[in-house]
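Residue numbers start from 1 in every chain, and the chains themselves are labelled A, B, ... in the order their sequence lines are given, proteins ahead of strands. Just so you know, these numbers come straight off a predicted model, no measurement behind them.
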Number of protein chains: 2
Amino acid sequence: MTDEHAAQPARPRRQARGRRRIEEILRAAAVVFADRGYDAATTNAIAAEAGISPGSLYQFFRNKDEVAKGLSEYYAERLDELSGTTFAVRVGADPDVGSLVGGLLEQIVAFNRAHPGFKALFSRTDMPAGLRAAVAPVQDALHARVHALISQLLPGVAPDESARVATVAIQLVRGMMPLITEADGDEAEALAAELHRALVGYLSTERGRPGAAP
Amino acid sequence: MTDEHAAQPARPRRQARGRRRIEEILRAAAVVFADRGYDAATTNAIAAEAGISPGSLYQFFRNKDEVAKGLSEYYAERLDELSGTTFAVRVGADPDVGSLVGGLLEQIVAFNRAHPGFKALFSRTDMPAGLRAAVAPVQDALHARVHALISQLLPGVAPDESARVATVAIQLVRGMMPLITEADGDEAEALAAELHRALVGYLSTERGRPGAAP
DNA sequence: CGACAACACGAGCGATCACTCGTATTCTCT
DNA sequence: AGAGAATACGAGTGATCGCTCGTGTTGTCG
């Protein structure tokens, strides 16, 4: 939520009250995005949820896309907190793909449940241009992390191929996440288990030197 | 595009001209949905693309959601044409999952390329309520077909589990399709190959009686 | 305290969009 | 031919929404 290197128009020195407001607005935005989706969410509804006036929202965010950007940066920080424990797994000589993916998936599902607004910003297959631009940096950061992990898992694979594998793995998870988070209890567990199968199956397929087809 | 059993308000007896207009409107809707997405598509833009006035569009469709519904039914018919050749595969005693999935995938990718509006209606993870309702019948029909196929592929699996497998398989494809259709040439091929790996890997994982781990 | 900036308000502006309505033209059926 | 239905037009309506602006309040710093 910190705000580095600004653009040309001098940005205000935030007071403590203002910083609290920003947090509150992002919390409200998450709520509204979560249950109406980004397009249907109105800035007035976000302001109302935050308990402030529409004008006040624009004291802190230039427009709706900037709110989405702020929220996505917030999520990026929350993900960074996980990365120390989750993504920074040291893969040994003989990695157990199943339990590795299992542990990761469990945390990712938990994260999505804990942050219902997350999938409104990240788990969309088609995004309006403004939203896409707002979340792109965070998407890229996530991809870099997953790519690093995949590279360790598939040591012999060329970087551009492992980058593609990372893209695909992320996309598979993104596609399934709405199904999982919207299902209840047992069905959610079962769907998560299916996603686990899919990922493990995917990452375990032969990917050797060209020419070898079993 | 035929129109069965109407609701209570008596529907007009369509003339040949009207039937042609409906086709033209759906074609226009596909174009506009494809390059702006459903939410950003305006009914006036659809009318303009179809070369008619906004009022004329509403001679044939009650509202925007009905246009989406009409288009999704059109796509359903196109998919039905494929089903004779594609989905009605007789699975032998020893099915080759790889080539089966490969053949299917090839046709599905081709279908998505040939019908750019398709993914705007079907490959979204979050849909506005009206759109969801409009495409639900077609989604269900597609699910039934895939489920039938999966049941043949996984003979020992209980119906509710194979239904879930069908849901997951469809979702994996839906998630990947935008990536594939928006990539160009080689990258699209590579991504399709990755999706193929993922599906085959997924459908080939052990799913037997509990307790048996290789 | 004085002054200046940050924060806050909420009515309302301008633009957009789904959809309507009055009217005119074309088709179909007898 | 003539009547009624279907098709066609397009300016316009009502509602929504992102965002602004004038004004007032609170915090900060000397």
Peer 1: Looking at the side chain of B/F60, which of D/dC9, D/dA8, C/dG10 is the nearest nucleotide?
Peer 2: D/dA8
Peer 1: Quickly work out the B/R13 CZ to D/dG4 P distance and round it to whole Å.
Peer 2: 15 Å
Peer 1: To the nearest Å, how far apart are A/I46 CD1 and D/dC17 P?
Peer 2: 12 Å
Peer 1: Give A/A45 one of three labels, base, sugar-phosphate or nothing, depending on what nucleic acid heavy atoms sit under 4.0 Å from its own.
Peer 2: nothing
Peer 1: Is the Lys NZ or Arg CZ of B/R132 less than 6.0 Å from the centre of B/Y38's six-membered ring, within 45° of the axis?
Peer 2: no
Peer 1: Judged by each residue's nearest nucleotide on DNA chain C, which is more toward the 5′ side, A/A16 or B/T42?
Peer 2: A/A16
Peer 1: Base, sugar-phosphate, or nothing: which does B/G18 touch, judged by heavy atoms less than 4.0 Å apart?
Peer 2: sugar-phosphate
Peer 1: Going through the distances and angles, do A/E194 and A/R197 end up as a salt bridge (Lys or Arg N to Asp or Glu O under 4.0 Å)?
Peer 2: CA-CA 5 Å; A/E194 294 299 319; A/R197 277 176 207 270; 3.6 Å; yes
Peer 1: Crowded around A/E66 CD? As in, over 12 foreign heavy atoms under 6.0 Å?
Peer 2: yes
Peer 1: Atom CZ of B/R36 to atom C1' of C/dT16: distance rounded to whole Å?
Peer 2: 12 Å
Peer 1: What is the distance, to the nearest angstrom, from the CG atom on A/L57 to the C1' atom on C/dG10?
Peer 2: 14 Å
Peer 1: With a 4.0 Å limit, can you tell me whether B/S56 has a side-chain N or O closer than that to the phosphate oxygens OP1/OP2 of D/dC9?
Peer 2: yes
Peer 1: In terms of side-chain geometry, is the basic nitrogen of A/R20 or A/E23 positioned less than 4.0 Å from the acidic oxygen of its partner?
Peer 2: no
Peer 1: Tell me whether A/D80 is salt-bridged to A/R78, with the criterion being a basic N under 4.0 Å from an acidic carboxylate O.
Peer 2: no
Peer 1: State plainly whether the residues B/R27 and B/E24 are in salt-bridge range, i.e. N to O under 4.0 Å.
Peer 2: yes
Peer 1: Does B/R14 put a side-chain nitrogen or oxygen below 4.0 Å from OP1 or OP2 of D/dT7?
Peer 2: yes
Peer 1: Expressed as a whole number of angstroms, how long is the span from A/D39:CG to D/dT16:C1'?
Peer 2: 14 Å
Peer 1: Please tell me which of the listed nucleotides, D/dG18, C/dC9, D/dT26, lies nearest to the side chain of A/N44?
Peer 2: D/dG18
Peer 1: Quick one: A/R17 CZ to C/dC9 P, roughly how many Å, whole number?
Peer 2: 9 Å
Peer 1: Check whether any side-chain N or O of B/R21 sits under 4.0 Å from OP1 or OP2 of D/dA8, and answer yes or no.
Peer 2: yes
Peer 1: Using a cut-off of strictly less than 4.0 Å, decide whether A/T43 has a side-chain nitrogen or oxygen near OP1 or OP2 of D/dG18.
Peer 2: yes
Peer 1: Rounded off to whole Å, could you give me the CD-to-P distance for the A/E66 and D/dG18 pair?
Peer 2: 15 Å
Peer 1: With nearest nucleotide decided by heavy atoms, which residue, B/R19 or A/D65, maps closer to the 5′ end of DNA chain D?
Peer 2: B/R19
Peer 1: By the 4.0 Å heavy-atom rule, please label B/A47 as base, sugar-phosphate, or nothing.
Peer 2: nothing
Peer 1: Separation of B/Q59 atom CD from C/dC27 atom C1', in whole Å?
Peer 2: 14 Å
Peer 1: Side chain of B/Q15 only, heavy atoms from C-beta on: which candidate in C/dT28, D/dT20, C/dC19 is closest?
Peer 2: C/dT28
Peer 1: With the side chain of A/K64 defined as its heavy atoms from C-beta on, choose the nearest nucleotide among D/dT28, C/dA11, D/dG18.
Peer 2: D/dG18
